[in-house]
Visitor: 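Before I ask anything, here is the structure I am working with.
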Amino acid sequence: MNVDELKHRAALRAVEYVRDGMDVGLGTGSTAEHAVREIGRRVREEGLRVRCVSTSDAISKLAADVGINVVTLEECPQLDVTIDGADEIVLGTLDAIKGKGGALLYEKIVALATREEILIVDGSKVVERLGEHTPVPVEIVRWGWTSTRDALRGLGCEPVLRVGDDSTPFVTDSGHLIVDCRFPPMEDARPVAEAIKLITGVVEHGLFLGITRRAIVARPDGLQVVDRTSHNS
């Protein structure tokens, strides 16, 4: 079973939590796309009635293509459930790193407007400490970006400007840049998250701490569902 099949299995399980009449957040990335397609199938074949808020232009297009009613967060400010992927997750706390898909700002805004944030991952994304394999994406304003990068370096990381396939800087849907910051593995990511947010020029970071309510982990031998009883860490 390849990684994409594992993502698909986790997504199918997550979509079971979506019920008729719900307001649903749609994450961004290859894993979240599986969930979007399954929600679309249920809309078309089962008559599922949902309103969905997308976290990126790409997901908005996919959702519309599969028949999902896409609305804005202003129209739907409180969401029942959001389904998204993660780049790393610690199962003991459900703290995660997100943002490889470039939508971390919108993903965090939607997550914080959600009663139940569900992250779906394959087993390779599970770590003991955040930062074991993945840098922390940090979204920054374009103007003076090198100064912001240098300030981030002062926190003890190695920041690298993200570029696209054409070797030009990657630009988010909101018009910002992303700097991928490689930190040593973090026993406690909260001081790092707080320090990043204090830097002028930083818009948001990809440390999702104390936000996730449920994680679904797909491994070749089956699915693992891990719940947290409250949003408080």
Visitor: What residues form a ring pair (Phe, Tyr, Trp, His ring centres under 6.0 Å) with H8, not counting sequence neighbours?
Guide: H34
Visitor: Can you see which heavy atom on R182 is nearest to which on G131, and at what distance?
Guide: NH1-O, 4.3 Å
Visitor: Do V138 and R149 come close enough that some side-chain heavy atom pair is under 4.5 Å?
Guide: no
Visitor: Could you tell me which non-hydrogen atom of C76 sits nearest to which non-hydrogen atom of V53, and how far apart they are?
Guide: CB-CG2, 4.1 Å
Visitor: If I take atom NZ from residue K108 and atom CG from residue L209, how far apart are they, to the nearest 0.5 angstrom?
Guide: 6.5 Å
Visitor: May I ask you to say whether D80 pairs ionically with R19, meaning some side-chain N is under 4.0 Å from a carboxylate O?
Guide: no
Visitor: Could you tell me whether a side-chain N or O of E88 sits under 3.5 Å from a main-chain N or O of T134, the two making a donor and an acceptor?
Guide: yes
Visitor: Salt bridge (charged side-chain N to carboxylate O under 4.0 Å, His left out) for K197 and E204? Distances and angles first, verdict last.
Guide: CA-CA 7 Å; K197 287 298 290 283; E204 191 51 81; 3.3 Å; yes
Visitor: Please determine if D65 and K61 form a salt bridge, counting it only when a charged side-chain N lies under 4.0 Å from a carboxylate O.
Guide: yes
Visitor: For residues V217 and V126, determine if any side-chain heavy atom of one lies less than 4.5 Å from a side-chain heavy atom of the other.
Guide: yes
Visitor: For the CG atom of D173 and the OG1 atom of T55, what is their distance to the nearest 0.5 Å?
Guide: 9.0 Å
Visitor: Measuring from R213:CZ to T82:OG1, what's the distance to the nearest 0.5 Å?
Guide: 12.5 Å
Visitor: So does R162 pair up with D180, basic N to acidic O under 4.0 Å?
Guide: yes
Visitor: Count the heavy atoms belonging to other residues, nucleotides or ligands that lie under 6.0 Å from CZ of R153, then report whether that count exceeds 12.
Guide: yes
Visitor: Run through T28, T212, D87, D84 and flag the one making a side-chain hydrogen bond (donor to acceptor under 3.5 Å, both in side chains) with K98.
Guide: D84
Visitor: Start with the C-alpha gap between D166 and T168, add the side-chain angles, then the distance that decides, and say whether side chain to side chain donor-acceptor pair (under 3.5 Å) holds.
Guide: CA-CA 6 Å; D166 59 359; T168 62; 2.7 Å; yes
